[in-house]
Enquirer: 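Got a structure for you, written out below as C-alpha cells; questions coming shortly.
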Amino acid sequence: MLTNRRKDALVAAVLVAPFLTIYLLVFVWPTVQMFEISFTDARLIGSGDWVGLDNYARLDSDPRFRTAAWNTAYFVLLTVLPGTLIALLIALGVSRLKGRLQAAILALFFLPYILPVSVVYLIWDWLLNFQFGITMHILDILGIERVPIMKTREWFMPAVAVVTIWWTAGFSILLFLAGLRAIPAEIYEAAALDNASRWTTFRRITWPLLWPVTTLVFTIQLIAQLKIFDQVYLFSQGGRPNDNMVLVYYVFQRAFQQDQGGRAAAVAVTLFVLVVVVSVLQFQLLRLAGGRR
Amino acid sequence: MTAVGMQRANFWGGVITVLTLVCAILWAFPLYWGVISSLKPEDEVVRPYIELWPENLTFSHYYTAVFDTQIMTWYLNSIAVALGVTVITIVTSMLCGYALSQLKFPGRKALWWLILASFMVPTQALIINHFVLISQLGLINTWAGIMLPQLIHPVIIIVYKQFFDQVPKDFREAAVMDNAGEFRILFKVYLPMNWGVTTALSIVTFIWTWNAFLWPFLSVTKTEMMTVPVGITQVNDAFGVYYARQLAAAVLAGLPVALAYLLFQRKVTEAITLSAGIKG
Amino acid sequence: MTISGMLKAAIVATIGFAGVAKAEETVVWWDFLGGGDGVRMKKMIEDFNAAHAGAIKIDATTLEWGTPFYAKVQTSAAVGEAPDIMTYHASRIPLAVEQGVMQEITADDWAAMGLSSADFAAATWDAVTIDGKQYAVPLDTHPIVLYYNKDLLEKAGMLDENGKPKGLDSREGFTATLQALKDSGVKFPLGSVTADGNFMFRTIYSLMGQQSGELMTDGEFLAGDNGDKLANALGVLAEWTKAGLQSTYTDYPATVALFTSGEAAMMINGVWEVPTMTDLNAQGKLFNWGAVELPVIFDKPATYADSHAFAIPANQGKEMTPEKRAAVLEVMSWMSKNSLFWATAGHIPANGAVVASAEYKAMEPNATYSTLTANMIFDPKSPLAGVAGPIFDVMSTYFVPTLNGEMDPAEAVESIKEELNAL
C-alpha cells in the first residue's frame with residue numbers, strides 16, 4: 001500500500017512536472033521580477049539602482065498615468081455591460097431559429113471573434129476612415145456632419161468599444177446559447193399553457209435561469225477588458241496615442257518606447273494588483289452565482 | 001391559448017426573427033466591405049460614393065500581398081508557433097489534469113489552487129519581464145521565444161480534470177488489475193474516451209495562438225520572424241494610396257482561421273463553451 | 001562520365017558554392033522609408049546588390065516610420081538583435097548616443113569609405129557629430145515644402161505667369177489665397193496632417209523659426225517670448241482650421257491622398273513626397289503640380305529640415321566581424337556617392353560632390369526649391385530632441401487638439417512648456 005502511494009506520487013510528479021516547470025518559468029518568476037524592478041531605475045534590459053517607492057510616487061502626479069487609468073475604467077464601462085446585454089439579445093434572437101439557418105446566422109455573428117485583432121483593426125479603420133470610409137458616406141447621405149471618429153478624444157473610446165463588442169460578442173453569444181439550451185423545454189411549455197406573455201416568460205423563467213451564465217459572461221468580459229491594449233494601440237497609430245492611453249499601453253510605452261523598465265514595472269504592478277483584486281471579487285461573485293444555480 | 005393570441009405570438013415571433021436576420025447581415029457587413037474593397041483598384045476604393053460591387057474587379061492586391069511582402073514567411077511562423085503552442089499546451093495540460101483527477105499525491109490541493117490562482121495573472125502586466133526572460137534565454141526572434149509565454153492555459157487543465165473525473169472508475173480498476181502503467185491507462189483508456197474534448201481544445205488553442213498580438217509583436221524584432229497578425233500591421237512596403245492592398249493582406253491573414261471555423265463550426269462552438277467552464 | 005568523375009564534379013560544385021556563399025556578406029538593413037522615396041531606395045538597393053553580386057548583398061526591410069521604428073531599434077539593440085545598418089534621423093542622434101544604440105564611425109572607417117568632413121556641408125557634418133565623434137553617415141537633407149495643384153490654383157486665379165502661387169508673401173496673403181481657393185469651390189484649400197502631431201511639428205517649428213523663435217535656450221524650454229512665438233505659429237494654423245481652410249483630423253496617408261485626388265489644393269509636406277507626385281504624373285494620373293519653398297508667413301524665411309543618415313547599431317553582446325563591418329562601410333560609402341538618384345526622391349543629397357554636379361542642378365522640382373537651403377533650421381541638439389524623441393512626443397500631444405480647434409493655442413503652449421521643462 002505504502003509503496004503504491006509512493007509510486008503514485010512519483011508518477012504524479014512526472015505528469016505534473018512539465019506544466020509546473022513552465023508555470024514557474026513564465027508566471028511565477030516574471031511576477032517576482034516585476035515587483036523587484038519596480039523599485040529600481042532599470043532600463044528595459046539590464047539592472048538598475050534601488051530607488052525605493054519613487055516610481056510609485058511619481059505615478060501620483062503623472063498626467064499620462066491618470067489618463068491611462070481613466071481611459072481603462074471608461075473602456076470597461078463602455079464594453080462590459082453593453083457587450084453582455086447585446087450578446088444576450090442576439091442569443092435570444094438566434095435561439096429562436098432552427099437547424100441550418102441557426103448555424104448560418106450564428107456563424108455571421110461569431111465570425112469576427114475568430115479573426116486576429118489586426119484584421120479587425122484594418123477593416124474598421126477602413127470603414128471609419130474620415131476621408132474615404134463608408135460610414136462617412138452614409139453620414140453624408142443622412143446629412144450629418146462627418147466625424148473623425150478615431151482622431152477625437154470624445155469618439156475614440158466609444159468607437160473602440162463598439163469595435164470590441166463587434167469583435168468579441170460571438171464568444172458571449174455562444175455562452176448564452178449554451179445557457180438557453182440548458183433550460184428545459186417543459187418549463188416553457190408550462191408557461192405557454194398558463195398564457196404567460198412573452199415578456200413575463202422572459203422575466204420569470206429565462207432571465208433567472210440564465211443568471212449564472214450572465215454573471216459568467218459579465219465577469220469574463222470585465223477581466224478581459226481591463227487588459228485592453230491591442231485595439232487601442234492599433235487605432236492610435238498615426239493619431240494621438242497619448243490621449244488614448246490605457247494601462248497596458250502605458251506599460252508598453254514606458255518600457256519599450258522610452259526604455260524605462262523600472263517606471264514601467266510600477267505601472268505593471270498597479271495593473272497586476274488591480275486585476276487580482278477584481279478577480280478575487282469575481283471569484284466570490286461566481287460562488288454566489290453558483291449558489292443560486 | 002386562443003387563436004388570436006397564437007396569431008399575435010406568431011406575428012411578433014416573425015418580427016423578432018426578421019430583426020435577427022437583418023442584424024446578422026449588418027453584423028457581417030464590415031467583413032463583406034473589407035473583402036470587396038480589397039478587390040477594387042486603389043483609385044476605385046477612394047471614390048466619393050458607395051460602390052457595393054467593384055466596377056473593375058481585380059486580384060492584383062492579393063498578388064502584391066503574396067509576392068511582394070513576406071506574408072508567406074509569416075504564415076509559416078504563425079503555423080509553427082500555433083501548432084507548437086497547441087501541442088505542448090494540450091499535452092502538458094492533459095498530463096497535469098490526469099494526475100489531478102486520478103492520482104493521490106502530496107501537494108495536490110496546493111497545485112489545484114495554483115492553477116485556479118493563475119486565472120488572475122494578467123499576462124499583459126508581465127510583458128516587461130517576459131521580454132527580459134526571453135532575451136536572457138537568447139530566444140528573441142525565435143519560434144520558441146514567441147511560444148514560451150503563451151504555453152499556459154489553466155482552463156484546459158480544468159476541463160481535462162473534469163472529463164477524466166467523469167470516466168467510470170471501473171475502467172481504471174480493470175486496467176490496474178491488468179498491471180497497466182499510468183501512462184498506458186491515460187493513453188489507451190482515458191484519452192480515447194475523450195478524443196472529442198482534445199480536438200475541441202486543440203482547435204481553440206490554435207485559434208487563440210494564431211490571433212495573439214501583443215506578445216508576438218513585442219518579442220519579434222525581425223520582420224522575417226513575425227506572425228501574420230503582427231506582420232500585416234508592422235511592415236510598410238507600400239507606395240502612395242494603399243488601402244485596398246492592406247485590406248487584401250488583412251483578408252489573407254484572417255482566411256485560415258475563418259476557414260478553420262467554418263469547417264469545424266460545431267467543434268469550435270463546443271470548445272468555446274468548454275473553455276468558459278460550461279459543458280456543451 | 002564515370003561515377004568517380006561525377007563525384008568529383010559534385011564535390012567541386014559543392015565547394016565552389018560554399019566558397020561563393022562564404023564570400024558573400026549579407027548586410028541586414030532597416031529603414032523607415034515607406035513613401036515614394038521608399039521606392040527610390042529599393043531601386044538603389046537593387047543597384048547596389050547588382051554592382052556587388054557575389055560580394056555583398058543588402059537584405060532590406062521597411063518598418064513603420066517614427067515611434068514604432070525607433071522603439072524596435074532600441075529594444076533590438078539592447079538584446080543584440082539589431083540590423084547591421086539602419087537609416088536614422090540626424091535630429092535623434094544625440095538621444096541615440098545617450099542610449100548607446102549606435103557605434104561610432106571612426107577615422108579608419110571614414111578612410112575606408114573614402115569620405116571625410118570635406119564631402120559634407122558643415123551643418124550636416126555637425127549634425128552627426130557628438131563630442132567630436134561621428135556616429136552616422138549623412139545621406140540627405142530633407143526640408144518641408146509647399147506642394148500645390150496648378151490646375152486648381154489657376155481656376156481660382158491664384159497662379160502667376162511663372163506657374164507659381166500668388167499672394168503667399170504674408171500671413172494675410174496666405175490666408176487670402178486659401179480663401180480664394182475655398183471660394184472657387186475647393187474642398188480643402190490646404191491639406192494638413194492635423195491628426196498626427198508628429199508631422200505637424202515640422203511646420204510649426206518652421207513657423208517659429210520664421211519669427212526667430214527657439215525651442216530651447218540654455219537648457220530651458222520656450223523661455224521668454226519663445227512661448228508667444230509658438231502660440232503665434234499655432235494660432236495661424238488654428239485660424240485656418242476655424243475658417244474651414246484646411247483639412248482637420250487628417251492622418252498622414254489621408255493627407256497625401258487628399259492632395260493627389262485633387263480635394264486639397266495645397267499641402268505642406270516633406271520633399272520625400274516628390275516621387276509620389278512624379279510617378280503619378282508620369283502615369284497620367286495627376287494634375288499639373290509644383291513645389292516651392294515654404295512661404296514667409298511671419299518675419300523671415302525659415303524651413304525646418306532634418307537629415308537621413310546611415311548608422312551602425314550597437315548590438316549588445318554581439319561583435320561585428322571585420323568582414324561584415326567592411327561590407328557595411330561599403331554600403332554607406334556607395335549610397336553616399338550614388339545619391340544623385342536619391343535626389344529624384346526630392347531630397348537634397350548630403351554629399352557635396354553630388355550637389356555640385358550639373359545633373360543635380362538641372363533636376364526639377366529640386367531646383368525650384370533649392371534656394372531654401374540658405375534658410376534651413378534644425379532641431380535643437382539635445383538627447384530630448386529628434387523624431388519620436390521626448391520633445392516630439394510632448395509637443396505632438398498638444399498640437400492635435402490645438403490644430404483641430406479643441407484647445408486654445410495659449411493653453412497648449414502653457415501645457416507644453418510645463419511638460420517640457422519637467423522632462
Side-chain angles (χ1 to χ4, degrees), chain A residues 5 8-9 11-12 15-16 18-19 22-23 26-27 30-31 33-34 45 90 93-94 96-97 103 105 107-109 111 114-119 122-124 126-127 132 134 137 171 174-175 178 192 195 198 216 220 227 229-230 234 248 251-252 255-256 261 264-265 268 271-272 275-276 279, chain B residues 1 16-17 19-20 24 27-28 30-31 33-34 37 46 49-50 92 95-96 98-99 103-106 111 118-122 124-130 132-133 135 148-149 151-152 182 207 211 213-214 218 229 232-233 243 246-247 250 253-254 257-258 261 265 269 272-273 276 278 280:
Chain A
R5 188 174 275 184
D8 262 15
V11 174
L15 293 177
V16 167
F19 167 77
I22 300 173
Y23 189 93
V26 306
F27 265 31
T31 307
Q33 277 206 320
M34 170 182 67
I45 298 290
I90 293 173
V94 172
R96 298 176 43 86
L97 307 171
I105 294 300
L108 292 184
F109 282 117
L111 212 49
I114 228 73
L115 297 175
V117 62
S118 41
V119 173
L122 286 171
I123 290 176
W124 279 89
W126 172 234
L127 231 56
F132 312 110
I134 187 169
H137 294 318
F171 175 77
L174 282 189
L175 300 197
N195 243 340
R198 197 175 292 279
L216 181 73
I220 289 179
K227 302 185 261 189
F229 169 81
D230 304 353
L234 291 168
V248 179
V251 175
F252 164 74
F256 291 87
L271 173 71
F272 186 90
V275 173
V276 169
S279 304
Chain B
M1 205 186 264
I16 295 175
T17 304
L19 265 179
T20 310
W27 200 267
L31 298 177
W33 192 242
S37 301
V46 296
Y49 50 86
I50 299 172
T92 55
L95 297 179
C96 188
Y98 180 79
L103 301 171
K104 289 199 171 50
F105 56 95
L111 180 65
S118 63
F119 273 107
M120 297 189 216
V121 178
Q124 286 81 350
L126 298 179
I127 48 175
I128 311 164
N129 303 92
H130 277 156
V132 174
L133 173 76
S135 75
L148 197 52
L151 290 176
I152 302 245
E182 294 293 345
I207 293 174
N211 289 351
F213 181 80
L214 177 57
L218 292 176
I232 59 167
T233 60
Y243 298 108
Q246 274 199 320
L247 287 166
V257 269
Y261 166 64
Q265 199 178 350
T269 313
I272 296 285
T273 38
I278 299 178

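The figures that follow rest on heavy atoms only: side chains count, while hydrogens, waters and symmetry mates do not. In what follows, chains carry the letters A, B, and so on, assigned in the order in which the sequence lines appear, proteins first and then strands, with residues in each chain numbered from 1.
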Enquirer: Under a 4.5 Å heavy-atom cut-off, does chain B meet the side chain of A:Leu115, its backbone, both or neither?
Expert: both

Enquirer: At a heavy-atom distance under 4.5 Å, which candidate from A:Ile90, A:Val251, A:Leu174, A:Ile105 has the highest pair count against chain B?
Expert: A:Leu174

Enquirer: At a heavy-atom separation under 4.5 Å, does A:Leu122 approach chain B through its side chain, its backbone, both, or neither?
Expert: both

Enquirer: Side chain from CB out, backbone as N, CA, C, O: work out which of these in B:Pro30 comes under 4.5 Å of a heavy atom of chain A, or both, or neither.
Expert: both

Enquirer: For the candidates B:Thr17, B:Leu103, B:Leu151, which exhibits the highest count of non-hydrogen atom pairs separated by less than 4.5 Å from chain A?
Expert: B:Leu103

Enquirer: Of the backbone (N, CA, C, O) and the side chain (C-beta and beyond), which part of A:Phe256 lies under 4.5 Å from a heavy atom of chain B, both, or neither?
Expert: side chain

Enquirer: Is there a side-chain contact between B:Phe105 and A:Val11, using heavy atoms and a 4.5 Å cut-off?
Expert: no

Enquirer: Heavy-atom distance under 4.5 Å to chain B: side chain of A:Ala107, backbone, both or neither?
Expert: both

Enquirer: Select, from A:Ala12, A:Pro18, A:Gly261, the one with the greatest count of heavy-atom pairs under 4.5 Å involving chain B.
Expert: A:Ala12

Enquirer: Measure distances from B:Gln124 to the heavy atoms of chain A and classify the residue's part below 4.5 Å as side chain, backbone, both or neither.
Expert: both

Enquirer: Please classify the contact of A:Phe229 with chain B as side chain, backbone, both or neither, using a heavy-atom distance under 4.5 Å.
Expert: side chain

Enquirer: Which bit of A:Ile45 comes within less than 4.5 Å of chain B, counting heavy atoms only: side chain, backbone, both or neither?
Expert: side chain

Enquirer: I need the A:Ser118 OG to B:Phe213 CZ distance, nearest 0.5 Å.
Expert: 6.0 Å

Enquirer: Using a 4.5 angstrom heavy-atom cutoff, name the option from A:Leu108, A:Ile114, A:Thr31 with the most pairs to chain B.
Expert: A:Ile114

Enquirer: Tell me, for B:Ser118 versus chain A, whether the close heavy atoms (under 4.5 Å) come from the side chain, the backbone, both or neither.
Expert: both

Enquirer: Tell me the closest heavy-atom pair linking A:His137 and B:Ile50, and the distance in Å.
Expert: CB-CG1, 3.6 Å

Enquirer: Can you check whether A:Ile134 reaches A:Trp126 side chain to side chain, under 4.5 Å on heavy atoms?
Expert: no

Enquirer: Which pair of heavy atoms, one from A:Val119 and one from B:Gly254, lies closest together, and at what distance?
Expert: CG2-N, 3.9 Å

Enquirer: Examine distances only and state if a side-chain atom of B:His130 and a backbone atom of A:Pro30 form a donor-acceptor pair shorter than 3.5 Å.
Expert: no

Enquirer: Looking at B:Thr20 and A:Gly93, what are the two nearest heavy atoms and their distance?
Expert: OG1-CA, 3.5 Å

Enquirer: Where on B:Leu247 is there a heavy atom nearer than 4.5 Å to chain A: the side chain, the backbone, both, or neither?
Expert: side chain

Enquirer: Under the side chain to side chain contact (heavy atoms under 4.5 Å, CB included) criterion, do B:Leu95 and A:Phe19 qualify, and how do the steps go?
Expert: CA-CA 8 Å; B:Leu95 297 179; A:Phe19 167 77; over 6 Å; no

Enquirer: Among the options A:Ile220, A:Asp230, A:Val117, A:Val16, pick out the one with the most heavy-atom pairs lying under 4.5 Å from chain B.
Expert: A:Asp230

Enquirer: For residues A:Asp8 and B:Lys104, report the shortest heavy-atom separation together with the two atoms involved.
Expert: CB-O, 3.7 Å

Enquirer: Looking at A:Leu234, A:Leu97, A:Val94, which has the largest count of heavy-atom pairs under 4.5 Å with chain B?
Expert: A:Leu234

Enquirer: To check you understand the geometry: which heavy-atom pair defines the closest contact between B:Ile232 and B:Ala250, and what is its length?
Expert: CD1-CA, 4.0 Å

Enquirer: With chain A as the partner, which of B:Pro122, B:Ala99, B:Cys96 has the greatest number of non-hydrogen pairs under 4.5 Å?
Expert: B:Pro122

Enquirer: In terms of heavy-atom pairs under 4.5 Å with chain A, which of B:Val132, B:Leu148, B:Ile128, B:Asn129 leads?
Expert: B:Asn129

Enquirer: Shorter than 4.5 Å, heavy atoms on both sides: which option in A:Phe272, A:Tyr23, A:Phe171 has the most such pairs with chain B?
Expert: A:Tyr23

Enquirer: Name the option with the most non-hydrogen atom pairs under 4.5 Å to chain A; the candidates are B:Gly34, B:Pro229, B:Pro106, B:Ala28.
Expert: B:Pro229

Enquirer: Which bit of B:Ile207 is near chain A, if near means a heavy-atom gap under 4.5 Å: side chain, backbone, both or neither?
Expert: side chain

Enquirer: Using the side chain to side chain contact (heavy atoms under 4.5 Å, CB included) rule, take A:Ile123 and B:Trp33 through it: C-alpha gap first, then chi angles, then the decisive distance, then the call.
Expert: CA-CA 8 Å; A:Ile123 290 176; B:Trp33 192 242; over 6 Å; no

Enquirer: Counting only heavy atoms closer than 4.5 Å, note whether B:Leu111 contacts chain A via side chain, backbone, both or neither.
Expert: side chain

Enquirer: For B:Thr273 and A:Leu175: C-alpha separation, side-chain torsions, deciding distance, then whether side chain to side chain contact (heavy atoms under 4.5 Å, CB included) applies.
Expert: CA-CA 6 Å; B:Thr273 38; A:Leu175 300 197; 3.9 Å; yes

Enquirer: Check for a donor-acceptor pair, side chain of B:Gln265 on one end and backbone N or O of A:Ala103 on the other, with a separation under 3.5 Å.
Expert: yes

Enquirer: Which atom names give the shortest non-hydrogen contact between A:Val248 and A:Lys227, and what distance separates them?
Expert: CG2-O, 3.8 Å

Enquirer: Given the options B:Tyr98, B:Tyr49, B:Tyr261, which has more heavy-atom pairs under 4.5 Å with chain A than any of the others?
Expert: B:Tyr261

Enquirer: Is chain A contacted by the side chain of B:Leu133, its backbone, both, or neither, given a heavy-atom distance below 4.5 Å?
Expert: side chain

